[in-house]
Amino acid sequence: MSQMSRDLPRHAPPTSRPARRAVLGVVAASLVSAASFVTPPAAAVAAAVSPAMSPSASPFSPPPVRDEDRVGPGDHLVVRVEHAGEGRDGMYEVYCNPMGGDHPDLAGACRAVERNTRWGSEPFAPVADGSVCTMQYGGPATAHVTGTWAGRPVEATFGRGNGCEIGRWDRFVPLLPDLSGGAAPGARTA
């Protein structure tokens with residue numbers, strides 16, 4: 001006896017295999033029909049979620065940013081570098097979105113911060129406590145970054161006291177000067 005005939009009520013007459021397939025086909029078609037009734041087309045979802053959303057936009061894309069939700073004129077960072085060496089020590093400002101300031105590589109500085117920005121994580125977070133780091137010394141250079149990035153306040157300190165700190169510094173080059181032997185960027189002296 002097949003599994004299906006065991007699941008049928010005892011008073012149901014036994015059916016042939018083709019008859020059972022036909023019944024299953026009707027049930028499957030009913031489920032598909034019910035699913036299309038319950039699940040509206042993507043265009044209807046887009047119109048219900050955001051009437052301003054263009055027909056070509058995905059219904060799952062975020063709505064456009066409204067003017068009242070914008071934070072200030074854009075992202076603004078002040079970077080102060082000390083003990084990095086001549087031509088590297090100093091202070092400079094970086095504005096992104098729109099770009100401006102006195103950093104010698106504005107586009108590169110903005111890209112460095114953007115590539116370290118990930119949803120749900122703090123781009124300027126210090127090295128996590130308990131991290132296993134190589135015991136190498138990258139020199140006495142320090143950097144202090146303050147300002148606003150992605151609408152959030154920034155207060156970060158960078159150093160080069162071990163391999164993790166060196167790696168964190170290097171991820172932000174050219175926002176921070178390249179101390180791996182490259183040319184020294186010009187910076188305004190504080």
Side-chain angles (χ1 to χ4, degrees), residues 46 49-50 52-54 56-134 136-190:
V49 171
S50 174
M53 186 182 291
S54 69
S56 63
S58 165
F60 303 109
S61 61
V65 177
R66 300 174 302 185
D67 288 337
E68 61 268 22
D69 292 334
R70 296 185 191 278
V71 180
D75 301 311
H76 174 238
L77 300 172
V78 176
V79 181
R80 178 183 294 276
V81 179
E82 296 176 334
H83 311 294
E86 190 173 327
R88 291 184 171 106
D89 288 351
M91 185 175 81
Y92 42 83
E93 289 185 272
V94 176
Y95 290 90
C96 301
N97 307 312
M99 199 175 309
D102 59 359
H103 191 284
D105 183 1
L106 286 170
C110 291
R111 275 193 311 270
V113 181
E114 287 170 2
R115 79 171 166 255
N116 283 287
T117 302
R118 295 194 179 44
W119 180 261
S121 67
E122 175 61 44
F124 293 96
V127 173
D129 289 337
S131 295
V132 178
C133 305
T134 59
Q136 76 188 94
Y137 180 65
T142 59
H144 190 82
V145 180
T146 58
T148 304
W149 181 260
R152 299 181 68 183
V154 173
E155 178 80 30
T157 302
F158 291 81
R160 297 178 62 80
N162 61 45
C164 295
E165 293 289 337
I166 294 168
R168 179 174 172 246
W169 180 295
D170 290 348
R171 281 192 304 273
F172 282 92
V173 170
L175 176 70
L176 303 178
D178 184 358
L179 299 179
S180 63
R188 179 167 39 101
T189 316

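On a predicted model such as this, the values are computed, not experimentally measured, just so you know.
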When you measure from the side chain of [X] to the backbone N and O of [Y], does any donor-acceptor pair fall under 3.5 Å?
{"X": "Arg88", "Y": "Ala141", "value": "no"}
{"X": "Asp105", "Y": "Pro174", "value": "no"}
{"X": "Thr117", "Y": "Val113", "value": "yes"}
{"X": "Arg168", "Y": "Ala125", "value": "yes"}
{"X": "Asn162", "Y": "Thr134", "value": "no"}
{"X": "Trp169", "Y": "Pro177", "value": "yes"}
{"X": "Asn116", "Y": "Ala112", "value": "yes"}
{"X": "Tyr92", "Y": "Leu175", "value": "yes"}

[atom1]/[X] to [atom2]/[Y] distance, rounded to the nearest 0.5 angstrom?
{"X": "Cys96", "Y": "Leu106", "atom1": "SG", "atom2": "CG", "value": "7.5 Å"}
{"X": "Asn97", "Y": "Cys110", "atom1": "CG", "atom2": "SG", "value": "6.5 Å"}
{"X": "Thr148", "Y": "His76", "atom1": "OG1", "atom2": "NE2", "value": "8.0 Å"}

Query raised in the report: Looking only at side chains, do Glu93 and His103 share a donor and an acceptor under 3.5 Å apart?
Result: no
Exercise for the section: Return the set of residues passing ring-ring contact (aromatic ring centres under 6.0 Å, His included) with Phe172 (not counting sequence neighbours), or none when no residue passes. Expected result: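 Scan of Phe172 (ring-ring contact (aromatic ring centres under 6.0 Å, His included), adjacent residues dropped) gives Phe124, Phe158.
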Practice problem: Please test Arg152 against Glu122 for side chain to side chain contact (heavy atoms under 4.5 Å, CB included), starting from the C-alpha separation and ending with a verdict. | Solution: CA-CA 10 Å; Arg152 299 181 68 183; Glu122 175 61 44; 3.7 Å; yes
### Query
Met91 versus Val78: any side-chain heavy-atom pair under 4.5 Å?
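In short, these two side chains touch, coming nearer than 4.5 Å.
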Evaluate the side-chain proximity of Val154 to Leu77: yes if any heavy-atom separation is below 4.5 Å, no if none is.
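Yes, their side chains come closer than 4.5 Å.
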Taking every non-hydrogen atom, the tightest pair across [X] and [Y]:
{"X": "Cys164", "Y": "Val132", "result": "SG-O, 3.7 Å"}
{"X": "Asp89", "Y": "Glu82", "result": "OD1-C, 3.3 Å"}
{"X": "Glu165", "Y": "Val127", "result": "OE2-CG2, 3.6 Å"}

Inset, instruction - Would you sort out whether Trp149 and Glu114 count as a side chain to side chain contact (heavy atoms under 4.5 Å, CB included), showing the intermediate values? - result: CA-CA 9 Å; Trp149 181 260; Glu114 287 170 2; 3.6 Å; yes
request  = Go through the steps to decide whether Arg160 and Asp170 satisfy the test salt bridge (charged side-chain N to carboxylate O under 4.0 Å, His left out), and finish with yes or no.
outcome  = CA-CA 10 Å; Arg160 297 178 62 80; Asp170 290 348; 3.3 Å; yes
Thr157 meets the side chain to side chain donor-acceptor pair (under 3.5 Å) criterion, sequence neighbours left out, with His144
